[in-house]
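Labels below follow one simple rule: chain letters A, B, ... track the order of the sequence lines, proteins then strands, and each chain is numbered from 1.
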Amino acid sequence: MKKTNKIALVDCNNFYASCERVFNPKLNGRPIVVLSNNDGVIIARSDEAKQLGIKMGDPYFKVEKLIKQNNVAVFSSNYTLYGDLSARVMSVLEKFSPEVEIYSIDEAFLNLTGIESSNQTEYLRNIRATIKKWLGLPVSIGLAPTKTLAKLANRIAKKNKEFDGVLNLFDYSNWDKFLEMVEVEDVWGVGRQYAALLHRNNIHTALDLARANQKWIKKRMTVVGLRTVLELNGISAIDLEHQPPAKKSIVSSRSFGEYLTKFDDVMEAVAFFVARASEKMRAQSSACRIMQVFIRTNPFKNSPQYYNAAEVHLPYPMNGTNELLPYAKQALQKIFRMGYYYQKVGVLLMDFVQTNTMMVSLFDPPNRINQIKATEIMDQINKKYGREAIYFAAAGMKERRRWQMKRQLLSQHFTTNWKDLPEVKA
DNA sequence: TCTGGGGTCCTAGGACCC
DNA sequence: TCTGGGGTCCTAGGACCC
C-alpha cells in the first residue's frame, strides 16, 4: 500500500522585517517596514506595522506620516542580509528532512513522509523551536498530504494564535472546517483574476473550490486550476522538486534612482545588467542564444510614454559579459529614442544551452578561450570578495552611477562586510 | 518627488509540412 | 475555388508565484 505523503511547509513570518530585528533587539515590539528597491513601496511589515493598517505595496510617501507618528522603523531592502539568513534557515531545515524544496527566499517544503516520529506534531514544534533558538527567526509550519493543503494549513497556523505556529492536519479527522476558514483568493494558485471568476460563480471558500465541478474548473482555469482542486482534496498533483531545475531565462532589471535621457547613461545601466544576468547564467553553466534588451518610461507619470524591446539572436551561444556587451549595445541602439525620460531598462537572457555541451565553432573569435578563462577568474574573485570586487568599466564607476537606485535607509551588512576591501577594476 | 524585481507554466493561433 | 486530416514548431498573451 502506498504511504500517504506528509508534506510540511515552513514559512518565515514577516521574513525581511524579522531579519532586520534579529541583529537589532531594540526593535522588539516596535513596528518595522521594509521598502522595495528605490525605497518606493512597502514590501514587508512586522505584525505591529500590519496592525497600524500599513498595507503591502503602499507607496512610502503615502504612509510616511503614519510611519512617523507611530515611530515605525523603516529599512531599505537589504537582500544580501536576507539571502544570507535564508541560506542558514534552509540548512537547519535540511537537518530535519532529507528532501527539502527551497520554494522561495523564506519558504521551503519538506518531505516528512518517511520520518519516523511517534508524535509528528512534536517534530514540527521542534523544527520551529530550533530555528527560533539558533537564528532568532519565527516560522509557521503546516503539515498535510499535498503542497496546496500544506500551504493552507500553514496559513491557518500563522493567522490564528491558538495554533502557536503549527498546524498538523493529520491531527484532525475532518478538514472541512479548515477549508471553510480560507477564502478562495487565499488558496495557493488562485490569483486575482481567477478569484473574481470563482466568486462570480458562487465559489467563495477553499471548501467550495474543493467541491467544485472539475470539468468546469479545467475548462475555465486550465489543468493548473484542476491540479489545485485535486490537491485540496488530498490528491497529490504537484510534486516536490528536490533538485531545483536550471533557470530557463534570467532577467536583470531595475528602476533608476533618477530619470535618464542620454544614450550613454542608459547604456551604462544596460552594461551593468548584462554583467549581473550573465554572471547568474554562468553560475548555472548555461550560455544563451537569445538576449533581449527592454526600455521604458515611467507608466505612472504624466509624460510621453515609450516602451520597446529588441531581441538579438546571437551567432553562437555566449555567456561572457564582454562578448555579450556589443550585442546589447546594438539592441539598445535599435530601440533608444531621444526625448523620453527613461525610468527602467532590463536585460533578459534566454534559450540556454549547457556549456559542457557547447560546440566550438569555426566562427568563434580566435581569442575566445582566453576570454572565457578571464571571465571565470573574475567570477571566482567576485564570489570570494563580494559582488563587484571586479567589474567592467562599461557599467560605469560604482560611485557615480546616475541610475543607481536610492537606498537611503539601508541597515548594515551584519553578516557580510566587504567595504574595507581594495577595489580592482577590470 | 515618490508605484519592486525575478521567475514559471499553459493555451490558442498561425506558419508550415505531408 | 473550396476543401481534409494530422502533426510540429513558434510566439504572444494571460494566468500564477514569491
Side-chain angles (χ1 to χ4, degrees), chain A residues 9-12 14-16 33-44 55-65 67 74-79 82-83 86 101-109 147-148 151 154-155 184-198 217-228 237-239 241 244-259 269 272-273 276-277 280-281 284 289-290 292 294 296-303 309 311 313 341 343-352 405-409:
Chain A
L9 177 70
V10 180
D11 182 317
C12 300
N14 315 323
F15 184 55
Y16 298 166
V33 297
V34 177
L35 304 176
S36 66
N37 288 332
N38 268 323
D39 294 343
V41 301
I42 311 281
I43 56 168
K55 297 273 183 305
M56 200 80 163
D58 276 347
Y60 179 44
F61 71 94
K62 279 194 185 162
V63 286
E64 201 170 357
K65 202 173 158 197
I67 280 172
V74 184
F75 294 94
S76 302
S77 38
N78 185 345
Y79 288 102
Y82 312 149
S86 171
E101 175 190 336
I102 298 172
Y103 178 65
S104 74
I105 194 165
D106 67 341
E107 277 176 68
F109 289 103
K147 285 169 125 181
T148 306
K151 276 279 218 180
N154 179 289
R155 183 186 173 84
V184 77
E185 55 267 40
D186 296 326
V187 171
W188 188 46
V190 178
R192 278 247 294 279
Q193 302 301 319
Y194 285 153
L197 170 76
L198 292 169
I217 292 290
K218 183 169 181 207
K219 191 172 155 212
R220 303 298 298 270
M221 296 171 63
T222 80
V223 298
V224 181
L226 182 58
R227 278 180 206 142
T228 300
I238 305 171
D239 289 338
E241 275 171 18
K247 302 253 180 278
K248 295 172 179 174
S249 66
I250 290 171
V251 52
S252 182
S253 113
R254 210 87 73 237
S255 301
F256 304 139
E258 57 183 279
Y259 296 118
F272 176 81
F273 298 135
R276 281 294 297 278
K280 282 188 214 165
M281 177 167 65
Q284 64 165 36
R289 284 186 288 222
I290 299 176
Q292 186 187 298
F294 57 90
R296 67 154 218 228
T297 52
N298 183 352
F300 297 99
K301 208 172 173 239
N302 190 15
S303 60
E311 210 175 88
H313 291 248
Y341 290 96
Q343 185 227 10
K344 184 176 187 172
V345 293
V347 171
L348 175 63
L349 306 177
M350 53 191 166
D351 200 8
F352 292 156
M405 57 192 186
K406 290 178 224 152
R407 294 207 291 175
Q408 293 172 344
L409 305 158

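Residue-level contact check: A:R227 touches the backbone only, with heavy atoms under 4.0 Å from sugar-phosphate atoms and none from bases. At the heavy-atom level, A:S249 lies under 4.0 Å from the strands shown only through sugar-phosphate atoms. When heavy atoms are screened at a 4.0 angstrom cut-off, A:I250 is found touching the sugar-phosphate backbone but no base atom. Using a 4.0 Å heavy-atom criterion, one finds that A:K344 contacts the sugar-phosphate atoms exclusively.
A sub-4.0 Å separation between OP1 or OP2 of C:dA15 and a side-chain N or O of A:R220 is absent. Between A:Y259 and B:dC2 there is a side-chain N or O to OP1 or OP2 distance below 4.0 Å.
Nearest nucleotide to the A:K280 side chain, out of B:dG6, B:dT3, C:dC17: B:dG6. You'll find that the side chain of A:P59 is closest to B:dT3, out of B:dT3, C:dC18, C:dA15. Taking every side-chain heavy atom of A:K151 into account, C:dC18 is the closest of B:dC10, B:dG6, C:dC18. Among the nucleotides B:dC10, B:dC2, B:dT3, the one closest to the side chain of A:K301 is B:dC2.
For C:dC17 and B:dG4, the C1' atoms lie 15 Å apart once the distance is rounded to whole Å.
In this structure, A:K147 places its NZ atom 15 Å from P of B:dT8, rounding to the nearest Å.
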